[in-house]
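One structure below.
So that the names make sense, note that chain A is the first sequence line, chain B the second, and so on, each numbered from 1.
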Protein chains: 2
Amino acid sequence: MIEQDCDPVFARVDKLLALLNKSKSLHILLILNLKGQPMRFSTIKSQINSSSTTIARRLGELERSGLVERKIHPTAPSVVTYGLTEDARHLAPSIQSMYDWIVKRDINIVI
Amino acid sequence: MIEQDCDPVFARVDKLLALLNKSKSLHILLILNLKGQPMRFSTIKSQINSSSTTIARRLGELERSGLVERKIHPTAPSVVTYGLTEDARHLAPSIQSMYDWIVKRDINIVI
DNA sequence: CCGAATCCTTTTTGATACTG
DNA sequence: CAGTATCAAAAAGGATTCGG
């Protein structure tokens with residue numbers, strides 16, 4: 001069975017959606033966007049309530065995909081923060097409109 | 001294990017994203033949106049190239065979630081078509097901007 | 001043609017325990 | 001605090017088969 005892609009762009013959109021949907025990706029982006037400034041691992045985790053395993057995996061994927069920036073601050077003791085990249089900030093409105101849509105419509109997603 | 005949601009709206013957005021991401025949901029919505037008119041099961045399937053199991057599951061979920069309308073035409077033989085609901089058409093722009101973003105940025109999603 | 005049911009494989013998640 | 005490694009459980013996809 002040959003996997004024939006009708007539109008190669010679909011594949012990339014799918015990859016984005018696949019990443020965004022992996023549990024808590026959206027949470028992370030929305031929280032970082034709302035906060036407006038870099039946050040620490042523990043702060044993110046405390047607001048999302050998922051396993052550190054998953055949070056760490058998501059942050060790693062988001063970072064490697066260029067959506068999140070990881071910074072190590074040379075303080076004592078050192079502090080690690082995560083913030084949105086420029087690209088991610090451009091994507092935010094799309095997520096926000098989707099957010100607004102679901103809020104307004106009061107639709108009931110049934111899976 | 002109590003799942004404590006920090007923001008109940010997040011949960012609904014997550015459900016939407018979870019639905020949209022289940023393989024081929026986005027394809028279905030984009031194809032129906034581009035087509036601009038209801039399509040038959042076999043036509044959708046032919047353009048997506050996934051198992052009928054998955055296509056059927058997605059269409060069922062999208063229908064129950066109020067994003068897709070299923071119609072049985074009383075012709076002979078009878079024909080079944082799927083089209084976007086009003087709600088889905090309002091959501092389309094959000095998906096489209098996400099689509100545009102990924103196209104423009106040429107970003108490389110790494111999962 | 002349009003699916004539902006079954007069964008199997010792959011993917012993803014989370015709990016736990018352990019480092020610097 | 002900020003993670004990684006491991007492993008078991010759960011979720012999701014797909015092939016196949018069958019029926020209206």
How many Å lie between [atom1] on [X] and [atom2] on [N], as a whole number?
X: L19(A); N: dT13(C); atom1: CG; atom2: P; answer: 11 Å
X: N21(A); N: dT12(C); atom1: CG; atom2: P; answer: 11 Å
X: L62(A); N: dG3(D); atom1: CG; atom2: P; answer: 13 Å
X: L17(B); N: dT12(C); atom1: CG; atom2: P; answer: 16 Å
X: M39(B); N: dG3(C); atom1: CE; atom2: C1'; answer: 17 Å
X: D14(A); N: dG13(D); atom1: CG; atom2: P; answer: 11 Å

Most 5' of S52(B) and R40(A) on DNA chain D, judged by nearest nucleotide: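 Nearest-nucleotide comparison on DNA chain D picks R40(A).
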Under 3.5 Å: donor-acceptor pair, side chain of S78(B), backbone of T75(B):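 Judged by distance alone, no pair lies under 3.5 Å.
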Full working for salt bridge (charged side-chain N to carboxylate O under 4.0 Å, His left out) between R89(B) and E86(B): CA-CA 5 Å; R89(B) 278 191 287 274; E86(B) 260 303 293; 3.0 Å; yes
Of the nucleotides [options], which has the atom closest to the [X] side chain?
X: F41(A); options: dC2(C), dT13(C), dA2(D); answer: dA2(D)
X: S42(A); options: dA15(D), dA2(D), dG13(D); answer: dA2(D)
X: K22(B); options: dG14(D), dG14(C), dA12(D); answer: dA12(D)
X: T53(B); options: dT13(C), dT16(D), dG3(D); answer: dT16(D)
X: S50(B); options: dG14(D), dC2(C), dG14(C); answer: dG14(D)

Non-hydrogen side-chain atoms of L20(A) and M98(B) separated by less than 4.5 Å: yes
Side chain R57(B) and base dG14(D) donor-acceptor under 3.5 Å: yes
Base dG3(D) to side chain R70(A), donor-acceptor N/O within 3.5 Å cut-off: no
Under-4.0 Å side-chain N/O to phosphate OP1/OP2 contact, Y82(B) with dC1(C): no
Under 4.0 angstrom between S51(A) side-chain N/O and dT13(C) OP1 or OP2: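 So the side chain of S51(A) is outside the cut-off, no N or O lying under 4.0 Å from OP1 or OP2 of dT13(C).
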Closest-nucleotide ordering on DNA chain C, the 5'-leading residue of I111(B) and V80(B): V80(B)
Polar side chain donor-acceptor pair, T43(A) to S46(A), under 3.5 angstrom: no
Under-4.0 Å salt bridge between E61(B) and R64(B): no
